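Order of appearance sets the numbers: ligands from 1, and atoms from 1 within every ligand. These numbers come from a predicted model, not from an experiment.
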Amino acid sequence: MKEQLEAIRKNALDAIQAAKDNAGLDALRVKYLGRKGELTGVLKKMGGLSADMRPVMGQMANEVRSALEQAVEKQAEILAEKAMEARLALETVDITMPGKKSAIGHRHPMYTALDEFKEIFINMGFEVMDGPEIEESAYNFDKLNTPDDHPAREWSDTFYLNQDSKILLRTQTSPMQIRAMETYGVPIRMISPGRVYRKDEVDATHSPMFHQIEGLVVDKGVTMADLKGTLNAVIREIYGADTKTRFRPHHFPFTEPSCEVDVQCARCGGKGCPTCKGEGWMEVLGAGMVHPKVLAGCGVDPDVYSGFAFGFGLERMAMARFKINDMRLIFENDVRFLEQF
Ligand code: DAH
C-alpha cells in the first residue's frame, strides 16, 4: 500500500504540474482526489490492514492528499497568472500609433458673420431680439403701413398658412419693429436677426428662405443724419474703413423718407466688374425714417419721437465677407465647402 501511495503521489504531482488549462486540472483533481478517485480507492482498502499499520498508512494517505490539494491550488494560480499575461499581451495598447481624429465642427460662416454684426451693434448699445417666423399678416403688413394692394401680399409671393390670409411665414423681419415697440415702448435701440420666407425659385442669389437683420432706433430728436452716421459706421466695420457708400432714394411703406444703401465694389473700385455685375456698386440694405403712422400705430407720439429703421440681408453680407459667389453654398451644408472657413 505504501508503494501504491508513493506512486499516486508521484504520478499525480507530475500530471498536475503539467496541466495546461483549468479543464485539464479539474479532470486531474477528479481522477486523484475525487470520491471515486485513486486515493479514495486506496483508502477503501485500509480495512484489510493490521491495527498497527492502519494509522501509519492513514497518516501517509492524508499527507498525499494535502500534497495533491496544494499542488492543484498552486497550478490553478499559475494557470490564472498565465491567462492574465496572455490577455494583457493581446490587449496591449501601442501608444506610438497615430490617434483617431475626431472631426470637430465649427460655426457656419453665415453665423460667424452674424456674430460679428451683433458685436458691432451691441457695442453701440443695441439689444438683440428674437421674433416669430410664423407671423400675423397684421404685423407683417398692416401695422407696417403696407397698402392692401401691395404685391408682396399676393398668394403668389407669400406663404400663407390659412385661407383668410391672416397667418403667414414672415416675408421680412420688419414686423419685429412693431413687436419691439409694443412690448418695450420707446426709446428703443434694437436689432433682430432671423429667417424670412418668400415664394422664390432657388438660384445663385435667391432662396425661398433667407435671413434678414432688422434694426430700429426710436428716441427724441433722431434724424436722417443719425441713420447715415450709424449705418456708415457699421458698413465700415464690416467692409473696411475705406469703403464708400451711396444712399439712394427708394420706397418702403413703413419708412418716409426711404433709401437703399450701396457700397462701392471693392474689387473694381466702382468701374464695374463681374462681381458687381458691371454696376460699380452693390446694394447692402434698405432703410429709412420710421413712418409717423407706424409710430402712432404702436402708441408712440410722432410729434415727440422719431426714429430710423433698416434691414440687412445676412446671406449677402456673409457672401461679401467670405467672398462666396453662390448663395446655394450657404444652405447646402457641404462640409467640403464649410471646412474652408
Ligand atoms: N423689410 C425690407 C425688405 O424686406 C427691408 C427694409 C427696408 C427694412 C427698409 C427696414 C427698412 O427696416 O427701414 O425688403
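The hydrophobic side chain of Ile78 is isolated, with no ILVMFWY side chain under 4.5 Å apart from it.
Ring-centre distance between Phe310 and Phe121: below the 6.0 Å cut-off.
Relative ring orientation between His211 and Phe331 is described as parallel, the plane-to-plane angle staying below 30° on a 0-90° scale split at 30° and 60°. The aromatic rings of Phe341 and Phe337 sit perpendicular, their planes meeting at an angle over 60°, well past the 30° parallel limit.
A salt bridge does not link Glu260 with Arg246: none of the charged nitrogens is closer than 4.0 Å to a carboxylate oxygen. Between Arg198 and Asp157 there is no salt bridge, since no side-chain nitrogen of the basic residue lies less than 4.0 Å from a carboxylate oxygen of the acidic one.
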Are there any protein N or O atoms under 3.5 Å from the N or O atoms of ligand 1? List them with distances, or say none.
| from | atom 1 | to | atom 2 | distance (Å) |
| --- | --- | --- | --- | --- |
| ligand 1 | 1 (N) | Gln172 | OE1 | 2.8 |
| ligand 1 | 1 (N) | Ser174 | OG | 2.9 |
| ligand 1 | 4 (O) | Arg198 | NH2 | 2.8 |
| ligand 1 | 4 (O) | Gln212 | NE2 | 2.8 |
| ligand 1 | 12 (O) | Gln177 | NE2 | 3.0 |
| ligand 1 | 12 (O) | Glu214 | OE2 | 2.6 |
| ligand 1 | 12 (O) | Phe310 | N | 3.2 |
| ligand 1 | 12 (O) | Phe310 | O | 3.2 |
| ligand 1 | 13 (O) | Ala309 | O | 3.1 |

